[in-house]
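Accompanying notes for the structure given below.
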Number of protein chains: 2
Amino acid sequence: MVERSVRNITDRFRQSGRKVTPQRVAVFEALCEGGGHPTVDQIYREVRQRFPMISLNTVYQTMEALVDLKVVSPVGHSLEAARYETDPAPHHHTVCIACKRITDVFDAALGRVKLPRAVKDRFQVVGHRVEFYGYCADCRSPGATNR
Amino acid sequence: MVERSVRNITDRFRQSGRKVTPQRVAVFEALCEGGGHPTVDQIYREVRQRFPMISLNTVYQTMEALVDLKVVSPVGHSLEAARYETDPAPHHHTVCIACKRITDVFDAALGRVKLPRAVKDRFQVVGHRVEFYGYCADCRSPGATNR
DNA sequence: ATACTAATTGATAATAATTCTTGTTTAGCT
DNA sequence: AGCTAAACAAGAATTATTATCAATTAGTAT
Ligand SMILES: [Mn+2]
Ligand SMILES: [Mn+2]
Ligand SMILES: [Zn+2]
Ligand SMILES: [Zn+2]
């Protein structure tokens, strides 16, 4: 099964005009093995067991390629600076992928989102956040449709 | 009105056993003036117009105090390393405040969350994310109740 | 009003995650 | 086998954040 996946990945790398290297395959395999939501550093440590010479830079670049190929996607918006909420009223946000602008969304329905019972039993909820990500009016890409 | 707010803040600082300093008041005022979801750097630039000697460190510490007093709250989970999603199926997450563990939540209802029409008209939605934050079973604080 | 003391400040160094630079190697093609 | 653009490793640079520490100061007790 991992065999099949690796084959898929190498094809997708080549089809996108990228070279297939042992380092890239190793990063992908580490990705499959490592649990759910790895950090770059976790992947790096994993890969280094078999490729002690691999550089952190290569892992970063490979992850960038994998994001581009939509094999993985970033969770949360990490690399940015911390931002602070000044409005104490419960509300949610739209986050523009392009300009990072965060806009408030007040909508009672979003506040009623609930964790499924089964999960709630083992997770103590302090709050929740709904974030819509996409493009704001200023950054909307020229030919894009808005639906 | 800003007068009133400043008074409130100075009281809350003192009531929590913290000292009120001109720097702290200035950070709070910058917070009120600056738009919606400022970064530390934006606040720093703003405050420096009146207090050119203030250090970035002081702004960080003041923000930490304001978070503690629940005057502001961090948006997103920034300071951590980037994490990557390996499961392409649409789903959502619980994020443990303590150990940062991210766990998948599959629930069709969460996928049906919709932006209000009025907002949708000016924001091109690419996707949305529902994150429940709180404490996982391992990190649940001793006396806390789970509801 | 003055003095005391612990909290706070500013300057600076240290960390941590990420990106950039550069010289060397190599995958894929001819 | 040879060519070349892509990718590599090593390490410097950048950016956000936190830690250290001597000097200052807010709040309190004289
Ligand atoms: Mn907001
Ligand atoms: Mn997930
Ligand atoms: Zn935008
Ligand atoms: Zn936890």
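Naming: A, B, ... by sequence-line order, numbering from 1 per chain.
- Each of T103(A), D87(A), T86(A), D104(A) was evaluated against H37(B); a single residue qualifies, D104(A), per the side chain to side chain donor-acceptor pair (under 3.5 Å) test.
- Between Y84(A) atom OH and dA16(D) atom P the separation is 13 Å, expressed in whole Å.
- Between Q23(B) atom CD and dA7(C) atom P there is a gap of 17 Å when expressed in whole angstrom units.
- In this structure, I102(A) and T94(A) have side chains that are not in contact, with every pair of non-hydrogen atoms separated by 4.5 Å or more.
- At a threshold of 4.0 angstrom between heavy atoms, the contacts of I54(A) are confined to the sugar-phosphate backbone, with no base atom among them.
- In this structure, D41(A) places its CG atom 16 Å from C1' of dT19(C), rounding to the nearest Å.
- Residue pairs satisfying the salt bridge (charged side-chain N to carboxylate O under 4.0 Å, His left out) criterion with at least one member in residues 33-46 of chain A, sequence neighbours excluded, are listed as follows: D41(A)-R45(A).
- Taking the ring centroids of H92(A) and H128(A), they lie under the 6.0 Å cut-off.
- Residues satisfying the salt bridge (Lys or Arg N to Asp or Glu O under 4.0 Å) criterion with R101(A), sequence neighbours excluded, are D138(A).
- Spacing between atom CZ of R24(A) and atom P of dA27(C) amounts to 12 Å, rounded to whole angstrom units.
- Atom P of nucleotide dC20(C) and atom CG of L56(A) are separated by 14 Å, given to the nearest angstrom.
- Between the side chain of R83(B) and the main chain of T39(A), no donor-acceptor pair closer than 3.5 Å is present.
- Recorded end-axis angle for the helix from dA1(C)-dT30(D) to dT30(C)-dA1(D) stands at 30°, based on five pairs per end and rounded to 10 degrees.
- As a whole-Å value, the separation of F51(A) CZ from dA7(D) P is 17 Å.
- Listed in residue order, the members of residues 57-70 of chain B having a heavy atom less than 4.0 Å from DNA chain D are N57(B), Y60(B).
- Linking ILVMFWY side-chain heavy atoms closer than 4.5 Å, directly or via other members, places V75(A) and F106(B) in two distinct hydrophobic clusters.
- Residues meeting the side-chain hydrogen bond (donor to acceptor under 3.5 Å, both in side chains) test with S55(A), sequence neighbours left out: T58(A).
- Here dA10(D) is the nucleotide among dA10(D), dT18(C), dC8(D) with the atom lying nearest to any side-chain atom of M53(A).
- Side chain to side chain, D107(A) and H91(A) fail the donor-acceptor criterion of an N or O pair below 3.5 Å.
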For this session: At under 4.0 Å between heavy atoms, which parts of nucleotides 23-30 of chain D does protein reach? Answer with one letter per nucleotide, 5' to 3': B base, S sugar-phosphate only, - none.
Result: ---BS---
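- Using a distance-only test at 3.5 Å, with no hydrogens or angles considered, no donor-acceptor pair links the side chain of R24(A) to the main chain of L66(A).
- Between V105(A) and H93(A) there is no side-chain heavy-atom pair separated by less than 4.5 Å.
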